Each structure stands twice: as structure tokens, then as C-alpha cells.
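Report on the structure given below.
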Amino acid sequence: MSGPMTALGKLVRTTAFKLTFAYLFIFTVFAFVGLGYVAWNAQRLLTEQFIATIESEIDSLSTQYRFGGLRRLVNSVERRSRAPGALLYLVTTETGERIAGNVGALPPEVLGRTGQFETLYNRTDETGTRPDAAIVRVYLLPGGFRLLVGRDIEERRRLQEIIRRAFGYSLLFIGVLGCLGGWFITRRVLKRVDDMTDITRHIMAGDLGGRLKVAGTGDELDRLAQNLNAMLDRIGELMRGMQEVSDNIAHDLKTPLTRLRNKADEALRTARTSDELKAALEGTIEESDNLIRIFNALLMIARLEAGNARENLADFDAAEAVRDVAELYEALAEEAGVGLEVSVEDSLPVHGSRELLGQAMANLLDNALKYGASPEASARTIAVSARRLDGEVQVVVADRGPGIPETERGRVLERFVRLETARSRPGFGLGLSLAAAVARLHGGTLRLEDNEPGLRVVLALPLKAVDVPQPTLQSAA
């Protein structure tokens with residue numbers, strides 16, 4: 001007994017059940033108001049038809065009295081009184097004595113009233129008298145005679161009875177249908193919610209591969225399941241990223257840590273003079289600085305991917321930021337014998353962090369100088385450009401180096417990923433990963449494309465919608 005009662009109580013407490021009955025109550029109120037309005041109008045129309053019929057009869061009978069006198073009026077009343085479905089007719093003297101008609105008795109005050117009104121009466125027929133109610137009008141004829149014409153309201157009472165039964169059946173029908181519909185809808189919704197609850201329990205228990213079922217109906221529960229699944233996918237990506245970072249740290253930091261330890265050990269065993277100890281300490285400091293740079297880059301990437309830098313975002317001109325970074329690298333490029341071509345449109349407004357964009361640009365230019373301007377490059381030039389295109393600000397760094405194979409372009413954006421051809425040069429494999437994180441923070445993308453030959457890196461950021469003058473190109477070499 002407790003099982004069914006518990007299930008019923010659980011069903012009744014659900015939001016879907018409460019909403020169903022709230023809508024049922026509102027629908028019932030509106031249905032009864034609508035039905036009541038129709039019933040009121042139907043009765044009003046029926047009463048107006050009764051009054052119109054009575055007025056027509058009085059006009060006809062008063063005309064006959066005017067042209068034929070009392071006898072003609074009485075004959076006409078008697079004839080009409082005996083017709084099937086006849087109206088109520090009564091002709092009396094000034095004192096109320098009955099002359100003709102099919103009305104047997106009336107309340108004493110009726111014949112003294114004027115206009116239309118409702119009253120009780122007794123109809124005289126072959127079976128005797130029967131009490132009833134009617135709408136009547138008393139008309140005063142010349143000579144003091146009175147003419148009463150009325151219409152029985154039995155039809156109106158039958159209509160009222162039909163409406164009352166309709167109200168009762170409608171209430172019963174709505175109640176039964178609402179209960180069945182509420183039970184069906186609530187059970188269906190509750191089953192889907194219970195399925196979601198079961199899956200979330202499995203996920204909390206450690207099964208991160210579990211996903212909520214999507215029924216395909218496109219309703220709010222489907223949208224909730226899709227959003228939660230997307231959130232779980234993102235959490236899974238972050239978990240895999242953390243695992244990859246842990247693995248990469250274990251592998252990529254092992255070498256510099258081992259080198260740092262070996263240098264310190266060698267200094268302890270072999271150094272005899274102060275110069276040798278100083279050289280060992282300098283090497284140790286250099287290795288320590290490399291490790292600090294790695295950890296700073298990792299912390300910056302983690303901070304960007306977590307969105308913790310959004311509070312420092314502001315409006316700025318990306319064109320000025322690109323020019324400033326390119327100007328800083330002109331000296332390095334000249335020292336390396338590399339031509340730096342800069343083409344930047346005026347006024348490229350974006351919403352973001354100028355410092356982070358500068359850091360991303362610095363990483364891209366540093367990579368281009370290391371790998372795209374190598375002695376084996378087809379041309380020792382690097383092209384930097386910034387322009388607006390399709391509602392975006394596209395910052396491009398293009399070189400003429402060996403480039404990156406298309407199959408590897410997605411992988412090099414991950415942390416600590418370095419191609420075999422790049423392992424002979426200094427670096428940690430975090431530059432492109434940091435640039436990609438900056439792009440995501442700004443709602444943009446980082447794309448690696450073929451420059452034929454070389455690599456073309458496109459940093460695309462959303463263009464802030466403001467009124468700006470027409471762009472012009474500035475070039476420098």
C-alpha cells in the first residue's frame with residue numbers, strides 16, 4: 001500500500017502535475033464564462049422574440065377592435081386561443097370580468113399594470129387548469145376594455161435546464177479529462193526527469209561518459225538535455241586537457257628539471273674555483289627561468305580557458321596594438337636578416353584585452369622568426385596584416401618557411417606539442433596554444449592555413465559595431 005501511495009504522492013508533488021491543474025482550472029473558468037455568456041445571450045434573444053411576438057399580436061388585435069368592435073375582437077381571440085401552440089389571450093371588462101381568452105386566473109394586480117412583465121397564470125384547457133409563468137402585456141382598449149397577450153416561458157425554462165445540464169456534464173467531462181491528461185503528462189515528464197536523475201547519479205559516481213537522452217521532440221526537456229550534454233562534453237574536454245597537461249608536464253618538464261639537477265650535481269662534484277661555481281649558478285638560474293616561463297604560460301592558458309580574464313576586457317583599437325607589437329619586433333627581424341612587411345587598416349575597434357592580444361601577436365611573430373625565417377625558407381620575409389572582413393578583425397602573420405602539414409595543424413594548438421622539425425630550436429610548444437586561448441576568450445578563432453609556401457596564421461576577432469571612418473592601408477617594411 002505504501003508503494004502506490006508514495007508513487008501517487010510523488011506524482012502530485014511534481015511541477016508538471018501542478019501546472020496541469022493550474023491550466024485546467026484556468027480553462028474551466030474561461031469555459032464556464034464563455035458558456036454562461038452564450039446562455040445569457042440565448043435567453044435574452046429568446047425573450048426579445050417573445051416580446052416582439054406579443055407586440056405584433058397586440059397591434060393586430062387592437063386593429064381588429066378598432067374596425068370591428070368588441071365582437072370581432074372576441075371572435076378573433078377565441079379562434080386564436082384554440083390554435084395549437086397558441087399564445088395567451090385574455091379580454092376583460094374594465095372591472096376585470098373575463099370575456100374571452102385561454103387564461104383562467106391571474107394575480108389581482110396584473111390587469112392594472114402596463115408594459116411587459118412576467119407573472120404567474122392558470123391556462124384554461126380541456127384538462128382543467130395548470131399553473132405556469134409567462135411574459136405578458138396588458139393593453140387598454142377604447143371603451144375601458146382590457147386586452148392581455150402573453151407568451152409562456154416554458155421554452156426558456158427548458159433552455160435553462162439544458163444549459164444547467166451542459167454545465168454539469170462539462171464540469172464532469174473537464175474534471176475527468178483533466179485528471180487523465182494530468183496523470184498522463186505528469187507520468188511522461190516524470191519518467192524523463194527520473195531518467196535524467198539516474199544518469200546524473202551515474203555521472204556523479206564517476207561515469208563521465210554518460211549522457212542524457214534526447215527524445216527528439218525539441219521541447220524544453222530536450223533543450224535542457226542538449227545543453228547539459230554540451231556542458232558534460234566541455235567538462236570532459238577540460239578533464240582530458242588536464243590529463244594531457246599532467247602528462248605533458250611529466251614528460252616535457254622532466255628534461256629541464258633533470259638538466260637543472262645534473263648541473264647542480266656537477267657543480268658540487270667538479271667546481272673548484274669561484275668562476276666555475278658562478279657559471280654553474282648562472283646555468284641553474286637560466287634553467288629555472290625557463291621553468292618559470294613554462295609555468296607562467298600554463299597558468300595564463302588555464303586562466304584564459306576558465307574565463308577569469310573577462311573582468312579586464314575593454315574597448316580598444318586592434319590596429320594600434322598590432323602596429324606596436326610589429327614595431328617592437330622590427331629590430332629583432334632586422335638583426336636576423338628578415339624583412340618584416342606590415343599592412344594595417346586604420347581603426348579596428350574590438351572589445352577585449354590589449355595586453356593579451358599583444359601577447360598572442362608576440363607569440364605568433366616569435367614563431368615566425370624561429371621557424372618561418374629559417375635559412376631553408378624560400379624567402380626570408382614575414383608579412384603582418386590586420387583588416388576588417390565579414391564583421392571580423394583578421395590579424396594575419398604569414399611566413400615563407402616549411403609550414404605545418406595540414407594533418408598536424410589541429411594538434412599543434414595543444415599544449416607542449418612540437419613537431420619533430422622544431423625540436424632542435426628553443427621553445428616549449430605553448431605559443432600557439434596561448435594564442436588560441438586568447439582568441440577563444442575574445443569570441444574569435446585561430447586558424448592555420450597554407451601560405452604556399454609557408455604558414456599563414458589568422459587570428460580572427462569579432463569587430464565591435466561602432467561608426468568608424470573608411471579604412472586606409474598603411475605599409476611599412
Side-chain angles (χ1 to χ4, degrees), residues 289 293 296-297 300 304 309 312-375 377-389 392-401 403 425-428 430-439 441-442 444-449 451 454-464 466 468-477:
D289 289 340
R293 282 196 291 271
N296 286 339
M300 176 61 71
L304 293 176
N312 298 322
L313 301 184
D315 297 339
F316 70 96
D317 189 359
E320 295 180 0
V322 173
R323 290 194 200 100
D324 291 344
V325 176
E327 184 178 351
L328 289 175
Y329 272 81
E330 282 180 353
L332 293 176
E334 184 178 356
E335 183 180 345
V338 177
L340 188 61
E341 300 176 353
V342 182
S343 176
V344 181
E345 290 184 1
D346 286 338
S347 186
L348 299 174
V350 297
H351 181 76
S353 170
R354 184 186 180 114
E355 292 75 16
L356 291 177
L357 178 60
Q359 180 66 53
M361 278 293 301
N363 288 350
L364 298 181
L365 283 171
D366 189 63
N367 282 347
L369 287 172
K370 286 180 183 177
Y371 312 118
S374 59
S378 61
R380 293 174 61 77
T381 59
I382 297 174
V384 178
S385 65
R387 60 174 181 166
R388 64 182 67 207
L389 181 65
E392 291 182 335
V393 173
Q394 291 193 356
V395 180
V396 180
V397 177
D399 60 58
R400 292 291 181 175
R425 296 180 178 86
F428 307 106
L430 295 174
L432 290 177
S433 180
L434 178 60
V438 171
L441 177 70
H442 289 77
T445 57
L446 183 73
R447 303 192 300 271
L448 305 183
E449 301 173 352
N451 199 35
L455 181 66
R456 186 172 184 268
V457 184
V458 181
L459 178 62
L461 305 177
L463 179 68
K464 183 174 176 57
V466 294
V468 295
Q470 292 298 320
T472 59
L473 289 177
Q474 294 183 356
S475 299

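Only a predicted model underlies this, so the values are computations on that prediction, with no experimental measurement involved.
Considering CZ of Arg388 and CG of Leu461, their distance stands at 13.0 Å, rounded to 0.5 Å. Rounded to the nearest 0.5 angstrom, Gln394 CD and Ser385 OG are separated by 8.5 Å. To the nearest 0.5 angstrom, Asn367 atom CG is 9.0 Å from Leu455 atom CG. Once rounded to the nearest 0.5 Å, the distance linking CG of Asp324 with CZ of Arg354 reads 5.0 Å.
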Derivation and outcome, side chain to side chain contact (heavy atoms under 4.5 Å, CB included), residues Asp399 and Asn451: CA-CA 7 Å; Asp399 60 58; Asn451 199 35; 5.8 Å; no
Derivation of the side chain to side chain contact (heavy atoms under 4.5 Å, CB included) call for Val325 and Leu357: CA-CA 9 Å; Val325 176; Leu357 178 60; over 6 Å; no
Side chain to side chain contact (heavy atoms under 4.5 Å, CB included) assessment of Leu365 paired with Ile382: CA-CA 8 Å; Leu365 283 171; Ile382 297 174; 4.2 Å; yes
Side chain to side chain contact (heavy atoms under 4.5 Å, CB included) evaluation trace for Val438 with Gln359: CA-CA 9 Å; Val438 171; Gln359 180 66 53; 5.7 Å; no
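The closest donor-acceptor contact from the side chain of Asp317 to the backbone of Leu348 lies under 3.5 Å. Remark: the backbone N or O of Val396 is not paired with any side-chain donor or acceptor of Arg387 at under 3.5 angstrom. Between the side chain of Glu341 and the main chain of Thr381, no donor-acceptor pair closer than 3.5 Å is present.
Residues Leu463 and Pro349 approach most closely at CD1-O, 3.3 Å, considering heavy atoms. Listed here is the closest heavy atom pair of His442 and Ser353: NE2-N, 2.9 Å. Taking all atoms of both residues into account, the shortest heavy-atom contact from Leu459 to Ala439 is CD1-CB, 3.4 Å. The two residues Leu446 and Ala435 have their closest heavy-atom pair at CD2-CB, 3.9 Å. What you find for Ala318 and Val393 is that their closest heavy atoms are CB-CG1, 4.2 Å.
Using a 4.5 Å cut-off on side-chain heavy atoms (C-beta onward), Val384 and Ser343 make no contact. With a 4.5 Å cut-off on side-chain heavy atoms, Asp315 and His351 count as touching. The shortest distance between side-chain heavy atoms of Met361 and Val397 falls below 4.5 Å.
For Glu334, the salt bridge (charged side-chain N to carboxylate O under 4.0 Å, His left out) criterion is met by no residue, not counting sequence neighbours. Under the rule for a side-chain contact (heavy atoms from CB on, under 4.5 Å), the partners of Ala333 that lie at least two apart in sequence or sit in another chain are Val338, Leu340, Leu369.
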